[in-house]
Structures are given as structure tokens and as C-alpha cells.
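Report on one structure; see the data block that follows.
Naming: A, B, ... by sequence-line order, numbering from 1 per chain. On a predicted model such as this, the values are computed, not experimentally measured, just so you know.
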Amino acid sequence: MQPPRGMHDLLPEVFKVHKFITETALVIGQHYGFQPMSTPLVESMDVFCRSLGDVSDIVSKEMYELIQKGSERLVIRPEGTAGIARSVISNGLTQSLPLKFISYGPMFRYERPQKGRTRQFHQISVELFGFPGSLGDLEVITMAYDFLRALGLEKRVTLELNTLGDKESRDAYRTALVDYFTGYKDKLSEDSLIRLEKNPLRILDSKDEGDRAIITGAPLLKDHLNETSRKLFDEVKEGLDTLGIPYKLNPHLVRGLDYYCHVAFEFTTDELGAQSAVLAGGRYDGLMALLGGPEIPGVGWACGLERLALMIDAPEESNGNIALIIGDEDSRLKGLQIAHSLRNGGFTIEPILGSNLGKQLKKADKSGAQYALIMGSEEMARGEVTVKNLKEGSQQSVAFEQITPYFQKESS
RNA sequence: GCGGGUGUAGCUCAGUUGGUUAGAGCGCCAGUUUGUGGUACUGGAGGUCGUGGGUUCGAUCCCCAUCACUCGCCCCA
């Protein structure tokens, strides 16, 4: 038996890393006033077709569609932002701007798995609606930076920054690009010829050697930015400079999805093979309108937990745990009683199985517990329980009713 | 969707130019030690050799298919 392709069990060791990353994001998010929320895993296919665009790879070939009874076409979400935007409209939240959400959960894309890329993957995403201008961009990018720094990754990632401009600027640029690349139609790679039809900006990102030479002479977006777009981007750069957040301009950084505009950014790494982006985002002012809502500006990002998890280890847990060793049948109930009161006192205690004391102590030690609480016939007779400090090797007797106060004192 | 590599014990990996009972280290279980762990020694369990088919007297090994993983392309977090 194997799990479906590209889907993985999150066993405790990895789960712990995911939990650490998620909790870190929630704490940092709280500092910025982002509220946790979530949306269904399943949405109407329309939500993604309208927002991501029919020609995007995600919509055209990567969505899992549900076989179901009604006529509505339902899909399992391939990304998070569209669903959250839909939720904003569904719940009439457009009346209470700005909205600042942080959410996390699994996403599904039918792709070929490789390192850092699975069919079910997990993202944390941050969305900010109703913040026009560079203030919103800066809030979101700064938060991403603080988050990565809290994970200890700020030296191992690079913030790459670009602007796509507003619609007017981008349309003008797209026209210029198409004109330019059409002149090299016989020299472009096969992939880039398709891009020329579907998404000419993508050619700038091509890894093909031949394409690269042609790209060097391609027109630049910065020469097509209108005044508004240029000003916005300058403000973002100035803000990052002031806040001391390092970045690298990458004029070839583009976005595959229709709803993006203005600032686009990616935190990239060279530690994950072909997958370089661990956290990416940008501005999506057009998104709400695409879904039939009012024109509300938005900006946000998403990060991949699997990718981040490949880069970090879970922090060492301070373990004050207690192992309960029950010596015989007659002392079992007393042992459980003591364990129960300790748990109610906020301590972690769990029974250890084993045929004799030696084995049980060995297991207790292996479990990482700091203390072993031995409850056997001798203890029953004395009315005291034996508490052994597994790290130090010392042990002492503690009266049954004194056990919770004893551990309270130990842990203080 | 396209191209390359890999698949032997829970883990990391040997191995068989096609031959009868497939090995090691680590881990696990047990004993030395029937109320005191971490060390040491001794023993033990655990394998459809990814799966299915083919060639062969005989396949873990050769061939085909398939599944999964992996590296890259595409795309993306």
C-alpha cells in the first residue's frame, strides 16, 4: 500500500516542523494585526477560472475536479487567494475594509512531483484587502521578512523584487515585447513560442540558452511604466531601504496569474534544486473585480511549508515530561490517580509499558522524559511515590499528596 | 505533459558474471541483571529483493509493462 502519488503522510517528526512554522507565522501575523481564518478545500471551479485565467497552467491542467451528483463543477483548491477573495464577497466583508487575513492549509495540484513539489502541499498565506499604495505592499513584505527571520532563514533567502506595473503599463509593455520577440520567431525555443501566444512576459524567465541571448536585448518594463506605476514602485523600494530589508531587483521576475499587478516579489533560495521560491507574492488589485465584487485593491503572499520544512529543523523542545512506571496490578490505580492529578496540574505524564523496572526505565529514558515516577508495591506500603530524575540519576520519595506541589517546585 | 536515474529488512546500504538456507551496520525484542535506565557482551525476530508479466530447467539478477521515489524541463509555494 502506498499513498497516492505526490501525497505524503506527515509523520510526527515532520508535522512538528510544520507546526513550528505555522505557529511562528501566526505569532508574527498577530504583530501585524492579521486575523486567522480559513475557507473550504473545495470551491466552484468558476472561482479559479475567473481569477487565475483559463489559460494558466493551474486551471488548464492542474486542478483536481470532483466527480459529483449536481451540475456545478467543483474542484479542490489549487491555491488559496482566490478562495479567500470569494469569501470576502460571499460574507459581505467589503463593507469593513481593510481586511487582513492569515490562513493555512493544504492545496492540491496535479503536477509531476519532484523535490519541494508535491501534489498535496501546504501553504500559509497572507492577504491584505483595501490597502492601496505602497503601505500595503510594505506591510506584507516586511511581515514576510520578519517571519523568515523568525525561522532563522533570512541569510539563506534572497528577496527578489520587480514591478509588473498597472494594466496600462503592462499592456504597453506586452505589445512592445511581442513586437520584439516576433522578430526572433525562428530562433526562440519551442516553449517560448507557446509563451509568446499565451503569456509573453514569461519568456523573460526562460532558462533556455538561446532564449537568454535574445532576452538580453529585449525591451525593459521600466521604460514602459507610467508615472503612477513608477511612483508606487519607488515608494516600495524606499520603504524597504528605510526598514533595512535587503532586496535584489529582478526585472525578469514575472507572474503567471492574471490578477497580479505592480509589485511582485519572491524570497528565493538555491538550496532546493529546481524549486527556488519559498515565499512569493505580489499585488492583485484586479482580483476582486474578476470574481464579480467591487474594485478592491489587494496584496499578499503565500509560502510553501514543504519547502520551508526542507530548510529547517524543529526547535528542541524543553522536555519536563514525566514517565509513569507502574510496578504491579495493585499499584496501578494509585498510579493512574497520581497521573490524573498531575495532568490536571498542567504536567505531561504518560504510562510506560514493560515487563520489569529495568526495561521500563530504559523506555522512559528513550522517550525523552525528564522524570520517572515509580509506583509499585514498596511505594504503596510507604504511601510515597519514587521520583527519579532521569537526566541526573538522583531519586527521592515524595508523599502521594505532595506530588503535584513537588513538580510545581521542580519546574519553577 | 516531456526526458534521465533509482527501487534488496523499520533506516542506511552490500550482494548475486542467472543456481538451492539473500547479508552487514543501526534500530527493535530478549537474556546476562525476577525494583533501578543510558555502557558492554550474548542471542533472536524481521525480507512477496516495488508490483505484474515474459525468457529460462531455474529470475532478486536478463527483457517488457506498471507503480512509486528522485533529478531536470514546463509551471509553481
Atom pair distance, as rounded to whole Å: CG in A:D208 and P in B:C73: 11 Å
Sugar-phosphate only, base, or nothing, as touched by A:E306 at under 4.0 Å among non-hydrogen atoms: nothing
Whole-Å gap separating C1' (B:U39) and NZ (A:K366): 13 Å
Proximity to the side chain of A:A302 - top-ranked nucleotide from B:C73, B:U36, B:A77: B:A77
Spacing of A:R5 atom CZ relative to B:U51 atom P, expressed in whole Å: 19 Å
Sugar-phosphate, base or nothing in reach of A:S192, heavy atoms under 4.0 Å: nothing
Donor-acceptor pair present, A:E379 side chain and B:G35 base, under 3.5 Å: yes
Within residues 73-83 of chain A, residues whose heavy atoms come under 4.0 Å of RNA chain B: none
Listed nucleotide nearest any side-chain atom of A:F121, set B:C29, B:C69, B:A77: B:A77
Heavy-atom side-chain proximity of A:I296 to A:L97 below 4.5 angstrom: yes
ring-ring contact (aromatic ring centres under 6.0 Å, His included): pairs with one or both residues in residues 368-399 of chain A, sequence neighbours excluded: A:Y371-A:F407
Any-strand Watson-Crick or G-U partner of B:G7, both distances under 3.5 Å: B:C67
Sequence-distant partners of A:E378, side chain to side chain contact (heavy atoms under 4.5 Å, CB included), two or more places apart: A:R382
Separation between the C1' atoms of B:U12 and B:A65, rounded to whole Å: 30 Å
Sugar-phosphate, base or nothing in reach of A:S125, heavy atoms under 4.0 Å: nothing
Presence of donor-acceptor pair under 3.5 Å, side chain of A:Q360 and base of B:U36: no
Given RNA chain B, 5'-ward residue of the pair A:A364 and A:Y110, judged by closest heavy atom: A:Y110
Separation of atom NE2 in A:H18 from atom C1' in B:A77, rounded to whole Å: 12 Å
Separation of atom CG in A:N356 from atom P in B:U36, rounded to whole Å: 9 Å
Touch class at under 4.0 angstrom, heavy-atom based, for A:L279 against every strand present: sugar-phosphate
Touch class at under 4.0 angstrom, heavy-atom based, for A:G327 against every strand present: nothing
Those residues that, when tested against A:A85, pass side chain to side chain contact (heavy atoms under 4.5 Å, CB included) (two or more places apart): A:F129, A:L287, A:M288, A:L291
Worked check of salt bridge (charged side-chain N to carboxylate O under 4.0 Å, His left out) between A:E111 and A:R119: CA-CA 6 Å; A:E111 298 184 276; A:R119 287 182 168 182; over 6 Å; no
Atom pair distance, as rounded to whole Å: CZ in A:F265 and P in B:A77: 11 Å
Separation of atom NZ in A:K61 from atom P in B:C75, rounded to whole Å: 8 Å
Backbone N/O of A:A264 and side chain of A:R283: donor-acceptor pair under 3.5 Å: no
Residues in side chain to side chain donor-acceptor pair (under 3.5 Å) contact with A:Q30, at least two apart in sequence or another chain: none
Complementary nucleotide for B:G23 - Watson-Crick or wobble, under 3.5 Å: B:C13
G-U wobble or Watson-Crick pairing nucleotide for B:C62 (cut-off 3.5 Å, both distances): B:G54
Geometric class of the A:F34/A:Y32 ring pair [parallel <30°, tilted 30-60°, perpendicular >60°]: tilted
Any residue meeting side chain to side chain contact (heavy atoms under 4.5 Å, CB included) with A:T182, in chain and number order, not counting sequence neighbours: A:V178, A:K185, A:L196
Which residues share a ring pair (Phe, Tyr, Trp, His ring centres under 6.0 Å) with A:Y64, sequence neighbours left out: A:Y110
Check the interface with nucleotides 2-9 of chain B: list each N/O to N/O pair with the protein under 3.5 Å, or write none.
residue	atom	partner	partner atom	Å
B:C2	N4	A:R112	NH1	2.9
B:G3	O6	A:R112	NH2	3.2

Minimum-distance nucleotide (side-chain atoms of A:R117 versus B:G1, B:U36, B:G35): B:G1
B:U56 versus B:C71 - spacing of their C1' atoms, nearest Å: 36 Å
Partner set under side chain to side chain contact (heavy atoms under 4.5 Å, CB included) for A:S394, not counting sequence neighbours: A:N389, A:E392
Residue matched to B:A40 through Watson-Crick or wobble contacts both under 3.5 angstrom: B:U32
Candidates B:G31, B:C69, B:U36 - which lies nearest the side chain of A:K359: B:G31
Watson-Crick or G-U wobble mate for B:G47, both contacts under 3.5 Å: none
Position toward the 5' end of RNA chain B (nearest nucleotide), A:L361 or A:P4: A:L361
Complement of B:C2, any strand, by Watson-Crick or G-U distances under 3.5 angstrom: B:G72
Length of the line joining A:K363:NZ and B:U36:C1', which is rounded to integer Å: 16 Å
Sugar-phosphate only, base, or nothing, as touched by A:G116 at under 4.0 Å among non-hydrogen atoms: base
Sugar-phosphate, base or nothing in reach of A:I374, heavy atoms under 4.0 Å: base
Under-3.5 Å donor-acceptor pair between A:K115 side chain and B:U70 base: no
